[in-house]
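What follows is one structure encoded as structure tokens, with my remarks underneath.
The chains referred to below are lettered A, B, ... by the order of the sequence lines, with proteins before strands, and numbering in each begins at 1.
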Amino acid sequence: MADATAGTDPKPKTGSTADLVRASLARRNRKQSTLQVLGIGAMSFAFLMLFILVASLVSSGYQAFTQTHITLEVFIDPEEVPLERLPRGGFDDVIEASLSSVLEDADPNDRATMRALGSLLSNGAQFKLRDRVVEDPDLIGQTVTMTVPVSDPYDQLHKGLIDRETPEQFRRLKNFEIAWFDQLVAMEAISKPLNTGLISNPDSRFPELAGLKGALVGSFWALSVCFAISFPLGIGAAIYLEEFAPKNKFSDFVEVNINNLAAVPSVVFGLLALAVFIGWFGLPRSAPFVGGMTLALMTMPTIIIATRAALKAVPPSIREAALGVGASRHQVVFGHVLPLAMPGILTGTIIGLAQALGETAPLLLIGMNAFITSAPSGPLESATALPTQIFIWADSPERGFASRTSAAILVLLGFLITMNAVSIYLRNRFERSW
Amino acid sequence: MMNDMGNVGRDSAASEIKIQARGVQVFYGETQAIKDVSVDILDKSVTAFIGPSGCGKSTFLRCLNRMNDTIDIARVEGDIHIDGDDIHAPGIDPVQLRAKVGMVFQKPNPFPKSIYDNIAYGPRIHGLARNKAELDEIVERSLRRGAIWDEVKHRLHEPGTGLSGGQQQRLCIARAVATEPEVLLMDEPCSALDPIATAQVEDLIDELRQSYSVVIVTHSMQQAARVSQRTAFFHLGSLVEYRETGQIFTNPEDPRTESYITGRIG
């Protein structure tokens, strides 16, 4: 058969169309399967990377979702904590005394031992006790039970992050400290509950006390400001450009620049905000209000582009129908086109806000990476945001911050996934077909 | 080319002239879509525009309610008078004009709202009803005129987009008449409908003739023959022939008209 040589002969033999098609079919099918394999390969690679990312975050971050606590019976010694100078009493001393009373070989008269005992508990323990006693001075002379976080090295020890096999001089905890801790574990004084402080505490120098509250509130204010500015302005600009603006060189120029604006590196917006909002207008540094305005600059092009696409997607027949019964252009846009475009607009807006939520560089430039130990009570107070908080923690030397950084990233990812899920829900729920 | 102008004058005495177009030209950018069309359209009758695709019949129809204004690159020249008033006069707003000249489109395009709101939208924006009862009355009257009342009276608050194609088109006709227009423009209203729905709409058009001046663009010569009293044949942007429907189909004057209706061009 002539077909036998077809593979080597580049010129197809003359024959019917069916023969020619058959000759080329194998090559066409091969191309298609190659494309398919490449596509599946790319997808698998993407999924693998995503899996590695999430797995590494979870494996290092899950430890931060629990926190080692110690439960202690503390005798409020009236000698150490006299009623007359209550707030400045020796609360650390009474805690150390109660520790030394339960632990063997802890000499209450040795200063070094007592200092080592004091560092077993988080630095916040004595303030927690003080607050309780100040609130209820009758506790003086009584024994109270308190549950407080242990300090970071002991937390690491309990979570198995400190290797007991390491020679003592390279270890953060000495042998006698580990022995104390083991005694406390044996007494069932140590517990490891869910770390609600991760969400409800503001930032702290001490990893066992540090939480994301300040960052969450800061991000909330920044996103609120961002939404309040970019949503109306973006939609307004998009409606004008799409529905009312004359099509001429100038509107083309504006359109090109809006598209370019969406591609400007975010750090540039940060510099702009630093120069204009803080430099000229004298707005406070580190404020979520300024952060929100900066993020709005970046979100606006996204919203404009999404809104214009959504407006364009409304079929012309609806506009004609409304015009045909005598609606003015304004009535057509606000009565028909805009409501129909709303799902698309909201989807674009939420995706824009999700981008803004994860944006770090511009916030660094306007000082939202400051160390602030209280949550802001308003948009003009200093605050951090989620991504900048991650940045700060990633930079901190304490071991406890390593897992907290991963945990904070997981929290941020959780918010992003939620926002994207909402936008997908909105799109599916309200999408219309014509 | 305008040898048919004599015909227009001849039998227009029987009925009043509603729309008078003189020397209408339409340009899309550099392309001329309509070349010097002059036509008189009578009141209380159906006028059909026929012609091959791209001959400008829809474009001309859209001149009559200034729908071409919404296309940026479209430019309309010439005079169009409705009831003796120039529709391009500076004092005339297209909104005002379109309330008077209703339009039904090729593809049924109900608003994605309830049947009731579809009809009530026009009267609402023009303030035709003072209260809910009046609006209800307008909605019922319009749906009856659209010959769809009996089919939808129990589901007025269901979406109009849920109706069948033919029902949707009659809903759109009802919507167009709800604002009490004087002229009704129909741009191939049956091209997306099946034969049964087409027959229903054609019957409706025949009834609407009692109250309105109806102008219908159609691809189907049979349809033009069935529903219209007068027919205009467009070819390559020009009005070739405009006469009584019976005459144009049985005794066309222009050879191009004859070629078209016998199926040789088109």
Side-chain angles (χ1 to χ4, degrees), chain A residues 237-256 307-347 426-434, chain B residues 29 58 61-62 64-73 93-113 117-128 142 159-161 168-169 171-181 183-187 192:
Chain A
I239 288 175
Y240 176 75
L241 285 173
E242 196 58 41
E243 304 285 339
F244 297 104
K247 299 276 174 288
N248 54 26
K249 287 251 163 61
F250 179 71
S251 59
D252 285 349
F253 178 75
V254 170
E255 181 166 356
V256 166
T307 304
R308 292 190 66 177
L311 292 173
K312 261 196 198 112
V314 174
S317 65
I318 296 295
R319 294 165 210 266
E320 286 192 328
L323 285 171
V325 294
S328 65
R329 261 174 115 167
H330 169 267
Q331 286 168 324
V332 172
V333 171
F334 288 93
H336 296 276
V337 177
L338 195 58
L340 292 176
M342 230 6 152
I345 295 173
L346 288 180
T347 303
L426 284 177
R427 192 164 57 209
N428 292 342
R429 172 76 177 73
F430 295 106
E431 194 177 47
R432 284 174 191 280
S433 50
W434 276 278
Chain B
S58 288
L61 188 78
R62 293 164 64 94
L64 301 179
N65 66 347
R66 291 179 60 180
M67 265 321 246
N68 288 326
D69 288 15
T70 59
I71 303 168
D72 285 324
I73 56 164
D93 194 281
V95 167
Q96 202 180 336
L97 175 69
R98 290 179 199 136
K100 188 171 166 177
V101 182
M103 188 155 188
V104 176
F105 297 86
Q106 187 171 355
K107 202 175 144 231
N109 56 355
F111 300 129
K113 301 180 179 210
D117 286 334
N118 260 282
I119 305 297
Y121 181 71
R124 268 195 198 125
I125 60 171
H126 297 304
L128 300 184
S142 306
T161 43
Q168 285 190 15
Q169 193 62 301
L171 178 69
C172 291
I173 294 172
R175 180 178 67 192
V177 301
T179 52
E180 300 286 342
V183 179
L184 202 53
L185 308 178
M186 295 182 154
D187 189 357

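Counted within 6.0 Å of CZ on A:Phe253, heavy atoms from surrounding residues, nucleotides or ligands total 12 or fewer; the atom is thus considered open.
In plain terms, the two heavy atoms of B:Arg175 and A:Ala321 that are nearest each other are NH2-CB, 3.3 Å. Taking each heavy atom of A:Ile318 and B:Pro112 in turn, the nearest pair found is CD1-CD, 3.8 Å.
A:Ser328 is not listed as a side-chain neighbour of B:Ile125, based on a closest heavy-atom distance of 4.5 Å or more.
The pair B:Arg62-A:Glu320 meets the salt-bridge criterion, since a charged nitrogen lies less than 4.0 angstrom from a carboxylate oxygen.
Using a 4.5 Å cut-off between heavy atoms, B:Val101 touches chain A through its backbone atoms (N, CA, C, O) alone. There is no contact between B:Arg124 and chain A, counting heavy-atom distances below 4.5 Å.
Between chain A and the options B:Ile73, B:Asn109, B:Asp93, B:Asn118, the largest number of non-hydrogen pairs under 4.5 Å is found for B:Asn109.
Remark: A:Leu323 CG to B:Met67 CE distance equals 4.5 Å, nearest 0.5 Å.
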